[in-house]
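We use all heavy atoms of the structure for the numbers below, so side chains are in, but hydrogens, waters and symmetry mates are not.
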Amino acid sequence: MRHGVARFVTGFLALPVALYLFYVVWPFLQAAGYSLTDWGGFSNTQNFVGLDNYVRLFQDELVRMAFWHNVFFLVMLPLVTITLALFLAFLLNVGGRGNRAGIRGVFGSSVYKVIYFFPITLSLVVIAVMWQQVYRADDQGLINGVLMKLGLVDRENPVAFVIDPEPFLGVPAVLWWLLLIAVWSGVGFYMVLFSAAMQSIPKDIYEAALLDGASRVHTFFRVTLPLLRDTVSVAWIYLGFIALDMYALVYVMTPSQGGPNHTSEIFASVISFTAFQRGQYGYACAMAVALAIFTILLAAAQLRITRRERIEF
């Protein structure tokens with residue numbers, strides 16, 4: 001910093017920081033300001049109402065329903081995705097048998113990595129449109145077509161998958177079908193992420209464990225999983241952000257963007273409905289600010305809980 005380095009670095013950082021403040025921080029502050037008004041979005045009238053919009057959040061039945069739907073995704077999406085991704089990554093890296101004490105992936109692991117990673121290269125909207133054809137409630141739908149060919153479903157009475165409001169395990173069936181799509185589209189990315197982390201673990205550790213008689217199950221839970229704790233923690237936070245969004249899937253896949261009968265409503269869809277159909281932008285901004293604060297607190301709590309001393313090899 002003695003030879004003008006500080007001015008040099010500041011000169012390069014000034015523009016990116018200014019753009020970030022203008023396009024990210026300032027809109028958030030504007031939303032926070034609008035959340036304290038009764039602004040309708042299409043007029044200059046903005047009466048200050050204080051915290052009334054936030055108090056209203058706790059009394060809104062639709063908001064409570066959407067919140068619990070988001071909680072369902074918040075619990076199930078990271079749990080299912082990370083479990084499946086860890087299993088696949090373990091198989092593709094140390095699940096095969098070879099000459100080096102079995103420390104290799106299953107046969108064709110490099111090909112499987114490409115196949116599993118492929119869905120992440122597609123836009124989420126493209127994925128949703130594709131799965132629309134899978135879930136179609138007629139003989140043109142992939143699942144219904146197969147069931148009809150097998151004689152398990154009557155052609156005159158096909159199964160309506162996504163629009164089926166009947167609960168399964170106390171949760172609307174539509175949420176389970178949306179969860180399946182989210183897991184399918186994201187598991188490949190986290191499989192590659194965990195694979196990269198596993199490849200950084202010295203093979204000597206696996207060889208020593210296997211020579212001591214440890215099974216593959218014990219090797220996974222006693223060696224692999226503890227050494228991947230930081231990576232799993234980051235993946236859980238990313239998936240938590242995705243679980244609190246899910247708007248694209250709900251918008252494309254469900255009737256009336258949250259139906260049937262609000263059984264697939266999430267926070268993002270309620271915000272959109274409140275702002276653009278009800279014309280209550282102030283109230284919608286209060287929802288958005290509450291969701292942002294909840295997301296930040298959740299990420300901070302996750303990092304705090306999983307924080308530990310770094311393991312050095």
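- Of all non-hydrogen atoms in Val192 and Phe117, the two that sit nearest each other are CG2-CD1, 3.5 Å.
- The distance from atom OG1 of Thr83 to atom CG of Leu88, rounded to the nearest 0.5 Å, is 11.0 Å.
- A 6.0 Å sphere centred on CZ of Arg64 holds more than 12 heavy atoms belonging to other residues, nucleotides or ligands.
- Contact annotation: the side chain of Phe72 approaches that of Trp176 to within less than 4.5 Å [non-hydrogen atoms, C-beta and beyond].
- For the pair Val223 and Pro226, the tightest heavy-atom approach, listed with the atom from each and the gap, is O-CD, 3.5 Å.
- Without hydrogens or angle criteria, Asn53 side chain to Ala286 main chain gives no donor-acceptor distance under 3.5 Å.
- Annotation: side chain of Met287 is in contact with side chain of Leu57 (closest heavy-atom distance under 4.5 Å).
- In terms of modelled atom types and a separation under 3.5 Å, the side chain of Asn47 and the main chain of Asp38 share no donor-acceptor contact.
- In this structure a side-chain-to-backbone donor-acceptor pair under 3.5 Å is missing from Ser233 to Arg229.
- Counting only distance, with no hydrogens or angles, the side chain of Glu265 and the backbone of Met65 share no donor-acceptor pair below 3.5 Å.
- Counting heavy atoms from C-beta outward, Val289 and Tyr54 have side chains that approach closer than 4.5 Å.
- Between Cys285 and Tyr34, the shortest heavy-atom distance links the atoms SG-CB, 3.8 Å.
- Side chains of Leu179 and Leu175 form no contact here, defined as non-hydrogen atoms less than 4.5 Å apart.
- To the nearest 0.5 Å, the span separating CD1 on Ile181 from CD1 on Ile127 amounts to 9.0 Å.
- Once rounded to the nearest 0.5 Å, the distance linking CZ of Phe294 with CG of Leu297 reads 8.5 Å.
- Looking at residues two or more places apart in sequence or on another chain, you find no side-chain hydrogen bond (donor to acceptor under 3.5 Å, both in side chains) involving Thr81.
- Scanning all heavy atoms of the two residues, the minimum distance from Ser264 to Thr254 falls at OG-CG2, 3.3 Å.
- Within a 6.0 Å radius of CH2 in Trp26, other residues, nucleotides and ligands contribute 12 heavy atoms or fewer.
- Side-chain N or O atoms of Thr274 include none that pairs as donor or acceptor with a backbone N or O of Ile271 at under 3.5 Å.
- A side-chain contact (heavy atoms from CB on, under 4.5 Å) with Leu298 holds for exactly one of Ile237, Leu74, Ile293; it is Leu74.
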Audit row: Leu36, Val49, side chain to side chain contact (heavy atoms under 4.5 Å, CB included) steps and yes/no: CA-CA 6 Å; Leu36 302 176; Val49 296; 5.6 Å; no
CA sep, side-chain torsions, deciding dist, call: Ile242, Leu239, side chain to side chain contact (heavy atoms under 4.5 Å, CB included): CA-CA 5 Å; Ile242 296 173; Leu239 286 165; 4.3 Å; yes
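- Screening residues 19-33 for salt bridge (Lys or Arg N to Asp or Glu O under 4.0 Å), with sequence neighbours left out, gives no hits.
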Can I get a per-line list of side-chain donor-acceptor pairs under 3.5 Å for residues 17-24, giving both atom names and the distance, sequence neighbours left out?
none

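- Smallest separation of non-hydrogen atoms from Phe267 and Ala66: N-CB, 3.7 Å.
- With sequence neighbours left out, Arg56 forms a salt bridge (charged side-chain N to carboxylate O under 4.0 Å, His left out) with no residue at all.
- The backbone N or O of Phe273 sits nowhere less than 3.5 Å from a side-chain atom of Arg278 that would complete a donor-acceptor pair.
- Taken to the nearest 0.5 Å, the CG atom of Leu92 stands 5.5 Å off from the CE atom of Met191.
- For the pair Phe73/Asp245, no side-chain contact is recorded, criterion being any heavy-atom separation below 4.5 Å from C-beta on.
- By the side-chain contact (heavy atoms from CB on, under 4.5 Å) test, Thr224 pairs with Phe90, Met198, Tyr206, Phe220, Leu228, sequence neighbours left out.
- With hydrogens and angles disregarded, a donor-acceptor distance shorter than 3.5 Å links the side chain of Ser269 to the backbone of Ile266.
- Atom CG of Leu178 is separated from atom CG of Leu77 by 11.0 Å, given to the nearest 0.5 angstrom.
- Ring geometry for Tyr281 against Trp39 counts as tilted: the plane angle lies between 30° and 60°, on a 0 to 90° scale.
- When all heavy atoms of Thr263 and His69 are compared, the closest pair comes out as O-CE1, 3.1 Å.
- Pairs of residues two or more places apart, or lying in two chains, that qualify as ring pair (Phe, Tyr, Trp, His ring centres under 6.0 Å) and include a residue from residues 230-249 are Tyr247-Tyr251.
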